[in-house]
Amino acid sequence: MAERVLTRGELNRALLARQGLLERALITPAKAVERFGGLQTQHAPSAYVGLWSRVEGFAREDLTAALTTGRVVQGWMMRCTIHMVSRADYAPLTAAVRLPRRADWLRTHKGQREEQLVAATAVVRDVLAAGPAAQPTLVAALRDAGIDPAVFPGTQLWTDLVRVPPAGTWERPRAHVYAPAAAHLGTAAPAAVPEPPEVVAAGEELLVRRYLRAFGPGSASDVARYAGLTVGATRAVLARLDLRRLRAENGEELVDLPRAPLPAADVEAPVRFLSTYDAVLLLGHATRAGILPAEFRDRVFHVRMPRSTPTFLVDGRVAGAWRFDDGRVRTEPFVPLSSAAARDVADEAERLTAFHAR
């Protein structure tokens, strides 16, 4: 049987459907971060706006409560980037990416050696044995031990650390207070690090399923880019899973979960607002699905901007930017909008203003 070829419009609607951007989902924050492939949260409030756009009836206190109780965990995950994931997903996803992240860190930080990071990690663990600590405290302890404090970020790859609320929430965005994951979650630390091969394999398979459920269909390169794995390692994981095979219009092979939604290209896509660092715009699937038109990319991502620009979607594609200023959400269209689209953007901006004000 010939493989089904998906148009860019169909891939666009598939991505929107899986991200809750065609229809908001009635689910908890913990289930939401699983369904949506984790939330990238270098700027913690972006997770709150992300869930508001995706979850029916979402309130800011819902996510703060999930973080405080440990149902949602915030820490370095895929691609050595801060993510919010569910408590259940934290350990397997960490096992899946532990060794690739370490190798990538040593490759990109030429002046740091593994033995140096192991020694620094021991100092960090000693400090955190007394309870959560802020980054300046941990950096000072390294300096006192005669260790270059510049290695501190890398210690998160040699021990499992999570960000501890109320740091890293809407009210206190800076995620700079740390605790050992096991202590914060009340679980046992891994018996062996790195984990046994079967544990790593199970984590890799979960990671791939999470990606495809949230962002698929995708190519092996798409999955690898999201996970922070090599394409070769990703292909090996894909070969172990029962997946359907599809094609993009350019002939590239795509893989997908057997029963994941594939809406028609003409399904109506409502106006939706995305915050900074929203993964819908960040990775290869964004180009494939046409979410971010090429002519607008420099207006959303730029080397002189520390954060990506918050955007809004019209008919499933970026059509402008927004900001919260002087108590209101203010919009800047990149293209002329129809009267109906302009009304929809204004209405959604009013709802997002009310969300900020609660």
Side-chain angles (χ1 to χ4, degrees), residues 15-16 18-21 25 29-55 58 60 63-64 66-67 72-87 89-90 92-94 96-97 100-101 104-105 153 156-157 161-163 165 167-170 172-176 206-216 218 222-229 272-289 291-292 297 300-303 305-313 318 321-322:
L15 177 56
L16 295 175
R18 298 176 195 203
Q19 283 290 309
L21 296 171
K31 290 301 182 184
V33 296
E34 292 179 354
R35 172 174 168 177
F36 303 136
L39 300 175
Q40 192 165 323
T41 53
Q42 293 100 313
H43 180 57
S46 65
Y48 291 76
V49 175
L51 290 186
W52 174 80
S53 288
R54 293 165 166 87
V55 174
F58 174 74
R60 299 200 310 256
L63 180 55
T64 298
L67 288 164
V72 172
V73 184
Q74 186 169 205
W76 263 18
M77 301 293 297
M78 293 70 75
R79 310 182 306 282
C80 292
T81 300
I82 302 175
H83 280 79
M84 291 183 187
V85 300
S86 72
R87 176 192 181 103
D89 279 2
Y90 177 79
L93 297 185
T94 299
V97 300
R101 289 187 307 165
D104 185 65
W105 186 266
Q156 298 171 75
L157 307 181
L161 302 182
V162 296
R163 269 71 170 180
T169 62
W170 179 276
R172 293 175 57 181
R174 188 180 176 202
H176 68 301
L206 176 65
L207 182 57
V208 169
R209 289 195 299 271
R210 289 286 184 249
Y211 175 81
L212 294 175
R213 177 66 184 86
F215 300 105
D222 293 335
V223 180
R225 190 178 294 111
Y226 161 81
L229 304 176
R272 289 289 186 260
F273 280 61
L274 305 178
S275 191
T276 185
Y277 298 125
D278 197 299
V280 163
L281 302 181
L282 288 172
L283 301 171
H285 51 251
T287 300
R288 185 183 313 288
I291 293 281
L292 178 57
R297 185 165 185 83
V300 178
F301 302 104
H302 198 282
V303 293
M305 295 188 301
R307 300 175 184 166
S308 63
T309 300
T311 58
F312 61 84
L313 308 180
V318 170
W322 66 272

Q: Mind listing the closest non-hydrogen atom pair of F215 and G37 along with its distance?
A: CE1-CA, 4.3 Å
Q: Using side-chain hydrogen bond (donor to acceptor under 3.5 Å, both in side chains) as the criterion, list what pairs up with T41, not counting sequence neighbours.
A: Q74
Q: Would you name the heavy atoms of V97 and A227 that are closest together and state the gap between them?
A: CG1-O, 3.6 Å
Q: Would L282 and F301 count as a side chain to side chain contact (heavy atoms under 4.5 Å, CB included) if you check the C-alpha gap in whole Å, the side-chain angles of each, and the deciding distance to 0.1 Å?
A: CA-CA 9 Å; L282 288 172; F301 302 104; 3.2 Å; yes
Q: Nearest 0.5 Å, what's the CG-CZ distance between L67 and R163?
A: 12.5 Å
Q: So, for P92 and L206, which heavy atoms are closest and what is the spacing to 0.1 Å?
A: CG-CD2, 3.7 Å
Q: Looking only at side-chain N and O atoms, does Y48 offer a donor or acceptor that is under 3.5 Å from a partner on T64?
A: yes
Q: Quick one: list whatever passes side-chain hydrogen bond (donor to acceptor under 3.5 Å, both in side chains) with R18, sequence neighbours left out.
A: D256
Q: The criterion is side-chain hydrogen bond (donor to acceptor under 3.5 Å, both in side chains); which residues satisfy it with W105, sequence neighbours excluded?
A: Q112
Q: Taking salt bridge (Lys or Arg N to Asp or Glu O under 4.0 Å) as the cut-off, I'd like each qualifying pair that reaches into residues 45-55, sequence neighbours left out, listed once.
A: R54-D278
Q: Would you name the heavy atoms of A66 and P29 that are closest together and state the gap between them?
A: CB-CB, 4.2 Å
Q: Would you say that V280 contacts L292 through its side chain, given a criterion of any heavy-atom pair below 4.5 Å between the two side chains?
A: no
Q: Holding to side chain to side chain contact (heavy atoms under 4.5 Å, CB included), I want the full list of residues that pass it with A214, two or more places apart in sequence or in another chain.
A: Q19
Q: Apply side chain to side chain contact (heavy atoms under 4.5 Å, CB included) to A224 and list each qualifying residue two or more places apart in sequence or on a separate chain.
A: V231, T234
Q: Side-chain contact test, heavy atoms from C-beta onward, threshold under 4.5 Å: evaluate it for L63 versus W52 and give yes or no.
A: no
Q: Determine, for R225 against D222, whether the closest basic-nitrogen to carboxylate-oxygen distance falls under 4.0 angstrom.
A: yes
Q: Working to the nearest 0.5 Å, report the span between CG of L21 and CG of L274.
A: 6.0 Å
Q: With the side chain counted from C-beta on, respond yes when T309 and T276 share a heavy-atom pair under 4.5 Å apart, and no when they do not.
A: no
Q: Please list every donor-acceptor pair under 3.5 Å in which a side-chain atom of residues 76-85 meets a protein atom from a residue at least two apart or in another chain.
A:
unit_1 : atom_1 : unit_2 : atom_2 : d
R79    : NH1    : Y226   : O      : 2.6
R79    : NH2    : Q40    : OE1    : 2.6
T81    : OG1    : R79    : O      : 3.1
H83    : ND1    : T81    : O      : 3.0

Q: Any side-chain heavy atom of L16 sitting closer than 4.5 Å to one from L313?
A: yes
Q: Can you pull the salt bridge (Lys or Arg N to Asp or Glu O under 4.0 Å) pairs that have at least one residue in residues 32-46, sequence neighbours excluded?
A: K31-E34, E34-R210
Q: Between the side chain of S308 and the main-chain N/O of V300, is any donor-acceptor distance below 3.5 Å?
A: no
Q: I need the minimum non-hydrogen distance between A286 and L281, along with the two atoms involved.
A: CB-O, 3.6 Å
Q: Under the side chain to side chain contact (heavy atoms under 4.5 Å, CB included) test, which residues partner R174, sequence neighbours left out?
A: H176
Q: What residues, two or more places apart in sequence or in another chain, satisfy side-chain hydrogen bond (donor to acceptor under 3.5 Å, both in side chains) together with Y211?
A: H285
Q: For F36 and G20, work out which heavy atoms get closest and say how close.
A: CE2-N, 3.6 Å
Q: Restricting to side chain to side chain contact (heavy atoms under 4.5 Å, CB included), what partner residues turn up for P45, sequence neighbours left out?
A: H43, W170, P173
